[in-house]
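Shown next, in structure tokens, is the structure this report addresses.
All residue numbers in this chain count up from 1 along the given sequence.
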Amino acid sequence: MPDFHLVATVVVILATIIAFASDRYSVEAVSLGSLATLLAIFGAFPMRTPDGSILGADALLAGFGNPALATIIALLIVGQGLFATDALERPARVLGNLGANRPWLTIAIILGVTGTTSAFLNNTPVVVIFIPILTVVAAQQRVPNYKIFMPLSFITILGGMTTIIGSSTNMIAAGLAAQQGLQIDFFDLTGMGVLLAAVGGVYVLVLMPRLLKDRVSAATRENQVTGMQFVGEILLTAGHRYIGMTSKAGFFPEIRDLTPRLLLRRDVPIRPPFENITLMPGDTLIVTGTRKAFMDAIAKGEKGTAGLEGEDGYSSNIDVVPPGAHYHIIEAVIAPGSRYEGRTIQLSGLQAQFDVAVFGVQRKSRMARTALSEIRLEAGDTLLIGGTMDALAAMRGNHDILLLEHSAESVPQKRKARIAAAIFAGIVLLSAFDISPIVVNAIVGAGLMIALGCLTLNQASRAFDKQIYLMIGTAIALATALEHTGGASLIARQTIAVMDGAPPAIVLSVLFLLMAVLTNILSNNAVAALFMPIAIDVARRVGAPPEAFVAAVIYAANCSFATPVGYQTNLLVMGPGHYRFADFVKAGTPLVIIIWLTFSILAPWYYGL
């Protein structure tokens, strides 16, 4: 019953797209529902393909073992390793300064660089390179993630249209055209490709960010509070890098992220402005800073705690050895009626009881400038606490201090930054120059990140995105069913038949639109493979230059903007940008239409139709 299977497949695909776009149901629920329906249809009513085999569960579930899916998951783990070590903080700072403290100029420059680079490198490695860099730049410049990551993907796709090596789709299409006797040279796509990329780039950089809406998530909430200030202290022991720093104009300019509020020298307080003060061993700096600033100081071993109790009830501050990969920072609130109220951190017993360190205090009301160890705790105070996951877990359920579980974050392993950067560079170089497949490079790189201590298994597991996993697997299953039932080829044949006798420019425009729609449902490589022989045959029958129709196949197959499953780079940015399926439909569909109209207007002039 081939007609039944074809109709059923098309209905399931349409229902899935509508459900994804509506945002009424979760991605996981829609993916599982669509996959279950498809398996039920082909399980209850087996379909025999032209080669005599049965289209069954094995073929429909093959997408969950697809190399593209394995690549995405592995690259997410590699990216987590870069974040866990702050490996790209310095490059991000350099790029962040390009815009002279103008955030959107900085972002525009970076996106311009990615678009140009993607013309000469496969655009997937380009996106892999810039996702972690843009993440850091966005945090530094306070630009919302959702406004930059979809533009990153789209700009690289547009840039990839301009040369034969810009994307794997271009190279596959060029190979198919060569089999038909048409040779496509390196820059044959550049003229029209640059025009399309320029028009599309204006939309992506200027209009598209206005169409995207913020998605409130745990990560978003966390970013919103990073500007809140904690009070902490730093004990300058022998060899500390702050020793020898001299104040200028009342400040210590070399201390960037933390703000000195008080200097204790032999228990004598020195308040700002600091005039001609040189820091010495034994000094204690009372500082304020964001959580991120404190975490950076802890990672470098620069941060002191509020002190641990000795047998006599007194002790001095201790230096913190750079924590290992299992060391986490978490925020905790002093509860009303807590037994810690009215006690200093040093004498509360909190640190010794749970084997943790208190690095800072945040208070809603004004707090006096005094040593951290002497601050008397009040209900509502937020403490910045460090410890292993086991130590922090022991604090759960305590009614005196309430852990803010969502705030738990591992301390960056800056000692491993060069190792993580080297692994990442190896993946990019091996993939960019086709020395080995990107799926191999990504999986090996993810394994090395864990094996060499750049991140833990727990951190790696958090990088796994179940939404992407289920959506990709289901999308491949739907595309497989549409291909094997003959749905894609039927749509192509019927469209060509309807246009019989139309002018070449109209035929070219309609064919482009059809391919641009299908490339967001099927894979772009499948669209190129299906339509290349059809397009060349149509060109010869209508007496048009076949180069125009070959170019249309390549450009249209790259118009994978309207769904996250349309292209691999869309899936890569889906997590960092916190996007939903509907966001791609809303922001990507206009770009598909713009590219189609631009090509339809310019192609007759450019190719002499």
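Side chains of L195 and V199 form no contact here, defined as non-hydrogen atoms less than 4.5 Å apart. Counting heavy atoms from C-beta on, the side chains of Y567 and T519 never come closer than 4.5 Å. At least one side-chain heavy atom of F424 sits less than 4.5 Å from a side-chain heavy atom of V78. With contacts defined as side-chain heavy-atom distances shorter than 4.5 Å, the pair I41/F4 qualifies. Taking the side chain as every heavy atom from C-beta outward, L211 and Y203 approach each other to under 4.5 Å.
For an aromatic pair to be called close, the ring centres must be under 6.0 Å apart, and F45 with H5 fails this. No close placement of the F561 and F584 rings is indicated, their centers lying 6.0 Å or farther apart.
One finds the OH atom of Y579 at 7.5 Å from the CG atom of N145 (value rounded to the nearest 0.5 Å). In this structure, CG on L207 lies 7.0 Å from CD1 on I594, to the nearest 0.5 angstrom. From I423, atom CD1 reaches atom CG of L448 across 5.0 Å, with rounding to the nearest 0.5 Å. In this structure, SG in C559 is found 8.0 Å from CG in L158, a value given to the nearest 0.5 Å. In this structure, M192 CE and E547 CD are separated by 13.0 Å, a value rounded to the nearest 0.5 Å. Atom CE in M161 sits 10.5 Å away from atom CZ in F599 (nearest 0.5 Å).
In terms of the side chain to side chain contact (heavy atoms under 4.5 Å, CB included) criterion, residue partners of P503 (sequence neighbours excluded) are, by chain and number, I506. For L61, the side chain to side chain contact (heavy atoms under 4.5 Å, CB included) criterion is met by L35, L39, A57, F64, not counting sequence neighbours.
Under the 3.5 Å distance criterion, with hydrogens and angles disregarded, no donor-acceptor pair is assigned to the side chains of T156 and S118. Counted by atom type alone, N520 and S560 present zero donor-acceptor pairs between their side chains at under 3.5 Å.
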Steps toward side chain to side chain donor-acceptor pair (under 3.5 Å) verdict (N570, S153): CA-CA 6 Å; N570 291 352; S153 177; 2.6 Å; yes
Derivation of the side chain to side chain contact (heavy atoms under 4.5 Å, CB included) call for F512 and V553: CA-CA 7 Å; F512 188 104; V553 173; over 6 Å; no
Side chain to side chain contact (heavy atoms under 4.5 Å, CB included) assessment of Y146 paired with D583: CA-CA 10 Å; Y146 70 93; D583 294 323; over 6 Å; no
Pair T163-N170, side chain to side chain contact (heavy atoms under 4.5 Å, CB included): steps then yes or no: CA-CA 8 Å; T163 67; N170 299 0; 5.6 Å; no
Derivation and outcome, side chain to side chain contact (heavy atoms under 4.5 Å, CB included), residues L189 and T162: CA-CA 5 Å; L189 301 174; T162 58; over 6 Å; no
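Among L134, T116, I148, V204, the one residue that satisfies the side chain to side chain contact (heavy atoms under 4.5 Å, CB included) test with L111 is L134.
Residues G588 and F154 come closest through the heavy atom pair CA-CE2, 3.9 Å.
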